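This structure is a prediction, so every number in the text was calculated from the model and none was measured.
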Amino acid sequence: MRKKTFRYILFACLACLLVAGFVLRQQFYGNAVRAGRDLYIGSRADYQSLTDSLLPRLRHHWAFGVYARRINLPETFKPGHYVLEPGMSVIRVARMLKLGLQTPVRVSINNARIPAQLAQKLARQIDADSTAIMQVLTSPEVARGVGFDSVTLFSMFIPNTYEFYWTVTPEEFVQRMKREYDRFWTPGRDALRERSGLSRLEVMTLASIVYEETRKTDEMPRIAGVYVNRLRKGMPLQADPTVKYAMQDFGLRRILHKHLKYESPYNTYRNKGLPPSPICMPGIDAIDAVLNFEEHDYLFFCARATFDGYHNFARTLREHNANARAYSAELNRRKIK
């Protein structure tokens, strides 16, 4: 009888140990992630901030704490963007944070007119703040390191969506953009560029003017052709968007005679040739429109009075003035000042 009782107790103890072992294994190796989530750990975050963000999304808090202490995670975790996936264990999560196994983020850069706008857009997509980004974007040393100066560096950024680690530094961002710029300028694009007689910087600058003049992709090569014709004849470009940029007043709806007198190297009514650098970040369609500019003999264009986004083109000043009067009359009729 005593032997039977002993065996029962022994079996019961073994069963308890097996259950406890299974439970413990589940704590460490079982599914700990409640649902798929993104986790952002900033470069200035401490371990308390990490756990405050992580633990509400995690089961088995005790096991995570035990394993985290075992691998010294509080002192060695890496900042970054991490993706918590259903089925991940606390061990896998902890190791991911310790080794810095980040998931890249998609960073879009477009529609920026000035470096400050680009800095603000980037600050919403990576860990660096806009002040730190702006310091790099305007740094003469950083610009020289990639073959530009602090004025022309803005021409290096090709608008697109790229993958970065969330913790990329502003300096690393610029280095990556230089590689993308070099990749963008294929032998084919450079061959087209030589047809225009423009440098890469000049192409980007002219493309920025074309981009500000119209969003109609099918009309961009024709507008580019007008400006190429004017450059070849030594005529001032007289591009209204350059006046807005010179004045840093992008809300101007109507360019008046007084605005044309504004003193600035970017005002193409006062200065012949192209401005010193782009007046915005042109889209790739505008860049390719300049490279594939239309051959014609137009020297002028003016927005249509129909306000459909397209333009009337003219070969003579007389034709252009007639188009301009029609457009001006429509502006007056609509009371646009």
Side-chain angles (χ1 to χ4, degrees), residues 107-122 137 148 151-162 177 180-181 184-186 189 192-193 195-231 236-255 259 264-269 271 273-294 296 298 300-304 307-313:
V107 176
S108 297
I109 57 170
N110 52 40
N111 297 329
R113 288 191 172 97
I114 55 178
Q117 287 183 337
L118 176 58
Q120 291 168 0
K121 287 175 178 287
L122 287 174
L137 294 181
F148 291 82
V151 174
T152 61
L153 180 64
F154 194 64
S155 71
M156 189 184 73
F157 301 105
I158 305 297
N160 213 327
T161 299
Y162 304 94
M177 286 296 94
E180 296 295 340
Y181 176 83
F184 175 81
W185 283 105
T186 61
R189 279 196 170 100
L192 289 171
R193 178 181 61 77
R195 165 178 167 251
S196 69
L198 301 175
S199 67
R200 289 180 178 181
L201 170 61
E202 289 170 334
V203 167
M204 298 297 288
T205 302
L206 181 52
S208 72
I209 296 174
V210 171
Y211 188 71
E212 287 289 275
E213 290 282 14
T214 184
R215 292 295 191 270
K216 302 294 185 182
T217 305
D218 57 335
E219 194 181 58
M220 286 180 176
R222 178 164 292 186
I223 289 178
V226 171
Y227 285 128
V228 170
N229 287 344
R230 294 179 75 93
L231 287 170
L237 297 185
Q238 296 183 330
D240 288 357
T242 66
V243 178
K244 293 181 182 181
Y245 184 88
M247 299 179 66
Q248 294 289 285
D249 187 350
F250 302 111
L252 272 178
R253 300 184 66 189
R254 190 168 185 173
I255 303 297
H259 299 137
S264 167
Y266 286 88
N267 184 349
T268 57
Y269 278 86
N271 306 282
L274 289 161
S277 64
I279 62 170
C280 72
M281 185 182 293
I284 292 175
D285 49 1
I287 301 169
D288 284 337
V290 171
L291 295 174
N292 295 279
F293 70 91
E294 188 178 303
H296 54 60
Y298 294 124
F300 307 92
F301 66 91
C302 177
R304 289 180 183 175
F307 279 69
D308 60 358
Y310 284 95
H311 297 77
N312 287 318
F313 294 81

So, for [X] and [Y], which heavy atoms are closest and what is the spacing to 0.1 Å?
| X | Y | value |
| --- | --- | --- |
| G283 | P159 | CA-CG, 3.8 Å |
| Q117 | N111 | OE1-O, 4.2 Å |
| F154 | M281 | CE2-N, 3.8 Å |
| S208 | P278 | OG-CA, 3.4 Å |
| L192 | L291 | CB-O, 3.7 Å |
| S155 | Y181 | O-CE1, 3.8 Å |

State, yes or no, whether a side-chain contact exists between [X] and [Y] at a heavy-atom distance under 4.5 Å.
| X | Y | value |
| --- | --- | --- |
| I114 | Q248 | yes |
| P115 | L153 | no |
| V203 | R200 | no |
| T205 | L198 | no |
| P221 | N292 | no |
| I158 | E180 | no |

- Message: For N160, run the side-chain contact (heavy atoms from CB on, under 4.5 Å) check against V107, I284, I109 and tell me which one passes.
- Response: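 Single pass found, and it is I284.
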
- With the threshold set at 4.0 Å, does a side-chain nitrogen-carboxylate oxygen contact exist between R215 and D285?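 Judged by the 4.0 Å cut-off on N to carboxylate O distance, R215 and D285 do not form a salt bridge.
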
Quick check: does any side chain N or O of [X] sit under 3.5 Å from a backbone N or O of [Y], one acting as donor and the other as acceptor?
| X | Y | result |
| --- | --- | --- |
| T242 | T268 | yes |
| K244 | L252 | yes |
| R113 | Y245 | no |

- Residue list, side-chain contact (heavy atoms from CB on, under 4.5 Å) with R304, at least two apart or on another chain: T306, D308, Y310, N312

- Task: Let me see the working for M177 and Y162 under side chain to side chain contact (heavy atoms under 4.5 Å, CB included), right down to the final yes or no.
- Result: CA-CA 9 Å; M177 286 296 94; Y162 304 94; 3.8 Å; yes

- Message: Taking ring pair (Phe, Tyr, Trp, His ring centres under 6.0 Å) as the criterion, tell me which of Y298, F300, F301 meets it with Y227.
- Response: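 When Y298, F300, F301 are each tested with Y227, the ring pair (Phe, Tyr, Trp, His ring centres under 6.0 Å) holds only for F301.
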
- Apply the side-chain hydrogen bond (donor to acceptor under 3.5 Å, both in side chains) test between R222 and each candidate in H296, H311, E294; give the one that qualifies.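 Result for side-chain hydrogen bond (donor to acceptor under 3.5 Å, both in side chains) with R222: E294.
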
- Between atom CZ of R193 and atom OG1 of T186, what is the distance when rounded to the nearest 0.5 Å?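 Answer rounded to 0.5 Å: 11.0 Å.
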
- CG of N267 to NE2 of H259, rounded to nearest 0.5 Å, is 11.0 Å

- How far apart are the C-alpha atoms of F293 and L206, what are their side-chain angles, what is the distance that settles it, and do they pass the side chain to side chain contact (heavy atoms under 4.5 Å, CB included) test? CA-CA 11 Å; F293 70 91; L206 181 52; over 6 Å; no

- Message: Working note: T152 + S277, criterion side chain to side chain donor-acceptor pair (under 3.5 Å); need CA distance, chi angles, decisive distance, verdict.
- Response: CA-CA 5 Å; T152 61; S277 64; over 6 Å; no

- May I ask you to check whether Y266 and N271 show a side-chain donor-acceptor distance below 3.5 Å?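 The criterion, which ignores hydrogens and geometry beyond distance, is not satisfied for N271 and Y266.
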
